[in-house]
Amino acid sequence: MLLAPLAHVSREVAETSARSRKISLLAGLFRTAGPEDVPIVIPYLAGRLPQGRIGVGWNALKDPPPPADRATLTVHRVDATFTTLAAVAGRGAQGERRRLVQELLGAATDEEQRFLVGLISGEVRQGALDAVAVEALAETSGARAAAVRRAVMLAGSLQQVAERLLAEGPRVLEEFLLTVGRPVLPMLAQSATSVAEAIGRLGECAVEEKLDGIRVQVHRDGPTVRIFTRTLDDITDRLPEVTAIALELPGDRFVLDGEVIALDAEGRPRPFQEIASRVGSRMDVRSAAAAVPLSPVFFDVLAAGGEDLLELPCAERHEALTLLVPEPMRVRRIVVTSAAREGGRAAEAFLRDTLARGHEGVVIKALDTPYSAGRRGAGWLKVKPVHTLDLVVLAAEWGHGRRTGRLSNLHLGARRQDGSFAMLGKTFKGLTDQMLEWQTERLRELAVRDDGFTVTVRPELVVEIAYDGLQRSSRYPAGVTLRFARVVRYREDKSATEADTVETVLAAHGRDVAERG
DNA sequence: TTCCGACAGTGGGGTCGCAAT
DNA sequence: ATTGCGACCCCACTATCGGAA
């Protein structure tokens, strides 16, 4: 298959905003692709290289040679070049890499060059990722979209499904079953602003602790245990204690869903950063495990006795979980079935207790919904407390993509006693298009410097920021930074001298930071 | 006709581990 | 020894399309 139609379709997909048009464009492309092209075409369309990083940056892409007149490049030729580049990546062969890239670009037409540069630099943004590709595959193959989506969730990979579907036809979808040992995309939760709102949306529900750790999917098939992350990476080797626990459970073919956290001597959860550091350590797992032992806490079961439980209602899956996992290793929960007011009170009390115990919040789950693998299902709603601060905008960065030409990413500062400001972090979240436009205008009036990337401003504009808590930071002067900061609104009624101070911020989380820092 | 679920996009901070300096 | 960078962890929020109500 030639690269030209791929590059052309990619541009067309990017230029239309209609999902239906994107789908039919991709479907047309899939129709002309041979089965051997699929492993390359699918990742390219999502802007990914199958080879991962190939050690090529902006430097090697600069000053491309004049484009070719005729389209002769095949996707396989491109793929082979990337494989060669990946093989010499990180071996100091910068000249050789640049030569290979320039040779590739020289063989490409204008449209192909633009696609390749986007692909290599990770800038392919055409508004079509896996979900659109799934619809297109369904259209091409005559399969139902829901069946394709289901197969992708169970296979944990669009590519595998695409290859077999296009080669063998829709019937092959029946062969994608939940298999112990092969990871499934996990179900995710939506957000709710309060317990009352969540219960109002769900009715009868379970209220569970939300633990701030690393999501794990634990598969045991007889003596073999495999542990996967949310993105289905295999981290079995890094969690020996979890493997040992899985081998002691009273079942020998199961799939569990849970979270690993770390507890201190008093049984309180240790900060996320420590857990991430532990789970991220691959070099000396033994000593890392001795320093920060991990505790798995399970909240769902996807298979037991080798049998697929995904379609069972939440309540029945929990029954199965209790048979498999003893109490201390199950997430704490209550079931709310009584009239809304009583239930609401019990749920509120459970949330308060959970927070007092040092956890992140609660997840409220409808009792009757199946496990929606790979979806952000409406059956699970998370509720976390939100803190807010009034901070001062110190600078803003020029946005990318659809925010090009707008000042987007805000640098946030808290007041110091001497009148200066300590930067606490950045945010680009929560801004509507209108706010982006307004702040671009306003910040330009306050600008004192623009280096083309960041616009520094007089610290006068006050903005209300929501955030989830503080975490330690070696980057910012106060030694802390905001976790998940987002803009709520501008406070034009406030002057910078009325903004929150560093002391206020630290005091609000004093115990946390002191104990954890 | 309006409403709402699902998606894609736009990036945040931290950590590890490798490669370059 | 440092520094830079990619790959993963955690993640919030808005705009948009298109099917559901």
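The chains referred to below are lettered A, B, ... by the order of the sequence lines, with proteins before strands, and numbering in each begins at 1.
Across all strands, A:Glu135 comes closer than 4.0 Å to no nucleic acid atom at all (heavy-atom distances). Contact annotation for A:Gln126: backbone-only contact, meaning every heavy-atom pair under 4.0 Å involves sugar-phosphate atoms and none involves a base. Across all strands shown, A:Glu259 has no heavy atoms under 4.0 Å from either base or sugar-phosphate atoms. At a threshold of 4.0 angstrom between heavy atoms, the contacts of A:Tyr476 are confined to the sugar-phosphate backbone, with no base atom among them. Residue A:Asp212 is classed as having no contact, given no heavy-atom separation below 4.0 Å to the nucleic acid. Residue contacts shown for A:Val132 are limited to sugar-phosphate atoms, with no base heavy atom under 4.0 Å away. Within 4.0 Å of A:Ala131, counting heavy atoms only, lie sugar-phosphate atoms of the nucleic acid but no base atom.
Under the 30°/60° scheme for interplanar angles, the aromatic rings of A:Trp380 and A:Phe299 are found to stand perpendicular. Ring planes of A:Tyr490 and A:Trp438: tilted class, angle from 30 to 60°.
OP1 or OP2 of B:dA8 has not a single side-chain nitrogen or oxygen of A:Lys22 nearer than 4.0 Å. Between A:Thr427 and B:dG11 there is no side-chain N or O to OP1 or OP2 distance below 4.0 Å. Taking side-chain N and O atoms only, A:Gln273 has no distance below 4.0 Å to OP1 or OP2 of C:dC9. Taking side-chain N and O atoms only, A:Thr432 has no distance below 4.0 Å to OP1 or OP2 of C:dC13. For B:dG14, one of the phosphate oxygens OP1 or OP2 lies less than 4.0 angstrom from a side-chain nitrogen or oxygen of A:Arg475. Residue A:Thr231 has a polar side-chain atom (N or O) positioned under 4.0 Å from OP1 or OP2 of C:dC9. In this structure, A:Asn409 reaches the B:dG12 phosphate: one of its side-chain N or O atoms is under 4.0 Å from OP1 or OP2. The phosphate of C:dG18 has neither OP1 nor OP2 within less than 4.0 Å of any side-chain N or O from A:Arg19. The side chain of A:His400 contributes no N or O atom lying less than 4.0 Å from OP1 or OP2 of B:dG9. In terms of phosphate contacts, A:Ser473 brings a side-chain nitrogen or oxygen within less than 4.0 Å of OP1 or OP2 of B:dG14. Close to B:dG13, at under 4.0 Å from its OP1 or OP2, lies no side-chain N or O of A:Thr481. For C:dA15, the OP1/OP2 oxygens have no side-chain nitrogen or oxygen of A:Lys429 closer than 4.0 Å.
For A:Arg375, the side-chain atoms get nearest to B:dC7 when compared with the rest of B:dG14, C:dC11, B:dC7. Counting only heavy atoms from C-beta on, A:Arg230 has its side chain closest to C:dC11 among C:dC11, B:dG17, B:dC7.
For A:Arg416, the CZ atom counts as densely surrounded, since its 6.0 Å shell holds more than 12 non-hydrogen atoms of other residues, nucleotides or ligands.
Under 3.5 Å, the side chains of A:Ser408 and A:Arg403 contain a donor-acceptor pair of N or O atoms.
Paired with A:Ser10 under the rule side chain to side chain donor-acceptor pair (under 3.5 Å), one option of A:Glu15, A:Gln126, A:Arg114 passes, and it is A:Gln126. Under the salt bridge (Lys or Arg N to Asp or Glu O under 4.0 Å) rule, A:Asp468 has a single partner from A:Lys429, A:Arg486, A:Arg483, which is A:Arg486.
In terms of position along DNA chain C, the nucleotide closest to A:Asp233 lies nearer the 5' end than the nucleotide closest to the other residue of the pair A:Phe428 and A:Asp233. Judged by closest nucleotide on DNA chain C, A:Ala276 is the one of A:Arg403 and A:Ala276 placed further toward the 5' end.
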